[in-house]
Number of protein chains: 2
Amino acid sequence: MTGPLILVVDDEEQIRKLLEITLHTSDFSVKAAATAKEAIIMAKTNNPDLILLDIGLPDESGQEVLKKLRQWYTKPIIILSVQSDEENIIKALDNGANDYLVKPFRTGELLARIRSSIRGIIPQSLNTHVFNHELEIDYNLRAVKKNKEIVKLTATEYDLLVLFAKNEGRVLTHQYLLREVWGPGYVNQSQYLRVFIAQLRKKIETEPNQPEYILTESRVGYRFVAKDNF
Amino acid sequence: MTGPLILVVDDEEQIRKLLEITLHTSDFSVKAAATAKEAIIMAKTNNPDLILLDIGLPDESGQEVLKKLRQWYTKPIIILSVQSDEENIIKALDNGANDYLVKPFRTGELLARIRSSIRGIIPQSLNTHVFNHELEIDYNLRAVKKNKEIVKLTATEYDLLVLFAKNEGRVLTHQYLLREVWGPGYVNQSQYLRVFIAQLRKKIETEPNQPEYILTESRVGYRFVAKDNF
DNA sequence: TACTTTTATAAAGATTTTATAAAGATTTTG
DNA sequence: CAAAATCTTTATAAAATCTTTATAAAAGTA
C-alpha cells in the first residue's frame, strides 16, 4: 500500500535526500528532480499528487517553473525557499502556489502543511457523499454503494467517479478527465474514457443505456448530476 | 460591486479594525466576531467565503472553534496566532486549517495567502449571467436555464449563445459570428448561421417566431438584447 | 407592383462522436 | 509461476450533431 506521490524539486542533493527520507517515513511515494527542466518533465510523466518546489534552481527561476506548471497542473504546489522577503512570497502565491515555506523549515510543520494541502478544503468529517438517497461514496473506505449494496470498482473507475462527484453539475471536458485521472500524457486517448464511462455506468446506473448520473455532453465531455438539485 | 465575504475572528479590537480596513481596500466584504461563540453564530448565518481565525480567544480555544467549524464549514480557514511553536501549527493544520500565519503578520502576505486560498472557490454569482430574470447562463457549470429549467444546447449552440451574451446590445456581423464560432474558414457559410440561429431561438425564445433575445439585423448580422426593465 | 435579395425553417443526407462488447496485453495477486 | 483482475486496443453499431438542400416568408429595391 503506497500513499500519495510527491515530486520533490531541489538542486541540493542533501535536501532532496532529507525530504525523501522524511516523506517516505510518512508513507508518501517520492520522486525527485534537480533542475527546472527535469521538474517539468517529471511532473508530466508522473502526474504527482503534490509538488514541493524550491525557488532557487540553477537553470531557471522557480517562479517561471511555477507558472509553466500551472498552465496545466491543478494539484497543490508548495514552495520551499531561503528567501523570506514578502515580495517573493506574494509573487509565488499569486503565480499559483498553495503555500510557501521558508528554509530552514521544521519537518513536522512541512508534513502538516502537505497533509492540509492534499486534503484540500474538504473537512475530514465529511467523508461520505450520498446522491439521490441511493448512490454513496465513502471516501475513507474508498468504497461505493448503490442501494446499500457494495459496488466493486477498479482504482481507475473509483478515481473517475470521485472526480465527477466533486464536480457535480459541471461539465468536465474529455481533456480534463483524461489529464486528472490518467495523467497529462493521455489527453488524446478519448476512447479510454468512453470505455471507462461505459463500465462505470454499468456499475452505478440503474439503466446504463439511459443514464441518470453520468450524462454525455457530445463533443465536450461528461456531466455528473444528482437529480434533486439539477 | 462587492467581493467575497471574509469573517474576521479576533478578540482585539485593534486587529479587527486593521483587518477590516485592509480587506475592504482589497475589495472584500468583511464581517467580524470577537468571541468563539459569536464566531460560530456568524459563520452559520453569513456563510462567509473564508474565515480568518485568531487562536487566542477569551472564551474558548481557537483549536476547539476550528474543530466545531469544520464539522460543517467547507471553505478555507486561515489561522492567525501569536504562537509560533510547531506543535500548535501542526495541531491547527490537522484540525482542518488551510493556512497558519504567525502574528505580527505582513499585510501583503496575508492578502496573497487569502487570494491563494480563495482561488478556485469562485462564488457562483461571479460566473453566471441572468437575462430578464428567466434566461440564465452558468459559465461555471456550462449550463443554460430558461425559467429554471435546463435547456440542452449542443456545443456550437452554446458557444454562439455565450458570444451573444458577452456582447449584449451590440450588433454582431455574420462574418464575425462565423469566424468566432466556426473559425476563419467559414466566414461565407451564412446559411450555417441561419440554421443555428433558428435552432437557438427554438430553444431559448418563448416565441421563436417573434424573438425577444436574438434580433435580426437584416443584411448586417444579429443582435442579442435583454430588456431587463421589469 | 414586380422583382431581387435575404432570412427562416424543416427535413434529408453526411459526418462525427459515442457506446459497447469482446479480444489481446499487461499487471497484480495468491 | 499460474490465475485473476485490470488495462488497452479493436471493431462495429448507434446516436448526436453538423451540413446541405429545398422551399416559403420577409425585406429591400427599381
Side-chain angles (χ1 to χ4, degrees), chain A residues 1-2 29 47 142-144 150-161 164 171-178 180-183 185-224, chain B residues 142 144 150-161 164 171-183 185-224:
Chain A
M1 187 61 195
T2 151
S29 306
N47 197 26
R142 255 187 161 255
V144 174
I150 292 264
V151 176
K152 215 180 161 249
L153 298 183
T154 70
T156 311
E157 287 161 3
Y158 177 82
D159 290 348
L160 191 56
L161 179 60
F164 274 127
V171 176
L172 303 180
T173 64
H174 303 130
Q175 278 216 343
Y176 178 80
L177 289 164
L178 286 161
E180 292 301 312
V181 176
W182 282 269
Y186 291 72
V187 288
N188 293 316
Q189 303 286 329
S190 332
Q191 183 55 17
Y192 274 29
L193 200 50
R194 294 195 197 104
V195 171
F196 277 84
I197 291 283
Q199 281 170 356
L200 242 190
R201 280 176 174 158
K202 207 152 55 175
K203 292 183 180 180
I204 67 163
E205 298 280 4
T206 310
E207 285 182 279
N209 50 338
Q210 259 188 309
E212 53 171 348
Y213 287 112
I214 301 176
L215 307 185
T216 303
E217 295 285 336
S218 201
R219 317 191 138 204
V220 184
Y222 294 91
R223 186 203 302 270
F224 182 89
Chain B
R142 202 178 214 277
V144 174
I150 288 278
V151 176
K152 216 183 163 251
L153 299 183
T154 70
T156 312
E157 288 161 3
Y158 178 82
D159 290 347
L160 190 56
L161 179 60
F164 274 128
V171 178
L172 303 180
T173 64
H174 303 134
Q175 278 217 344
Y176 177 80
L177 288 164
L178 285 161
R179 179 156 20 101
E180 291 300 312
V181 176
W182 282 268
Y186 292 70
V187 287
N188 294 317
Q189 303 286 330
S190 332
Q191 182 55 17
Y192 275 27
L193 200 48
R194 294 196 196 102
V195 171
F196 277 84
I197 292 284
Q199 280 170 356
L200 241 190
R201 280 177 174 157
K202 206 153 56 175
K203 291 183 180 181
I204 67 164
E205 298 281 3
T206 311
E207 285 183 279
N209 49 337
Q210 261 188 309
E212 53 171 348
Y213 287 111
I214 301 175
L215 307 184
T216 303
E217 297 286 338
S218 201
R219 322 190 134 217
V220 184
Y222 295 90
R223 183 204 303 272
F224 182 89

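Naming: A, B, ... by sequence-line order, numbering from 1 per chain. Keep in mind the model is a prediction, meaning the values are calculated, not measured.
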Query raised in the report: Is B:K203 reaching over with its side chain to a backbone N or O of B:V151, donor-acceptor style, under 3.5 angstrom?
Result: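 Checked: no pair found.
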Query raised in the report: Any sub-3.5 Å donor-acceptor pair from B:E205's side-chain atoms to B:E212's backbone N or O?
Result: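 Yes.
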How long is the straight-line distance from [atom2] of [Y] back to [atom1] of [X], given to the nearest 0.5 Å?
X	Y	atom1	atom2	answer
A:Q175	A:N188	CD	CG	7.0 Å
A:F164	A:L177	CZ	CG	4.5 Å
A:L172	A:E217	CG	CD	10.5 Å
B:R194	B:Q189	CZ	CD	11.0 Å

Short N/O separations, protein against nucleotides 4-7 of chain C, under 3.5 angstrom:
from: C:dT7; atom 1: OP1; to: B:R219; atom 2: N; distance (Å): 2.7
from: C:dT7; atom 1: OP2; to: B:R194; atom 2: NH2; distance (Å): 3.2

Query - Cationic N near anionic O, under 4.0 Å, B:D159 to A:R219 - result: no
Report task. On the 0 to 90° scale, with breaks at 30° and 60°, tag the A:H174-A:Y222 ring pair as parallel, tilted or perpendicular. Result -> perpendicular
Query raised in the report: Which heavy-atom pair separates B:P208 from B:T206 by the least distance, and what is that distance?
Result: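 So the two residues come closest at CD-O, 3.6 Å.
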Query raised in the report: When the distance from NZ of A:K203 to C1' of C:dA21 is rounded to whole Å, what number comes out?
Result: 15 Å
Report task. Just report the end-to-end axis angle for the helix from C:dT1-D:dA30 to C:dG30-D:dC1, five pairs per end, to 10 degrees. Result ->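 Between the first-five-pair axis and the last-five-pair axis there is 30°.
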Query - chain A footprint on DNA chain D, 5' to 3' - any atom under 4.0 Å from a heavy atom - result: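 Taking any atom under 4.0 Å from a heavy atom of chain A, the span is D:dT6 to D:dC18.
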Query - Non-hydrogen side-chain atoms of B:V187 and B:W182 separated by less than 4.5 Å - result: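 Counting from C-beta outward, B:V187 and B:W182 never come under 4.5 Å.
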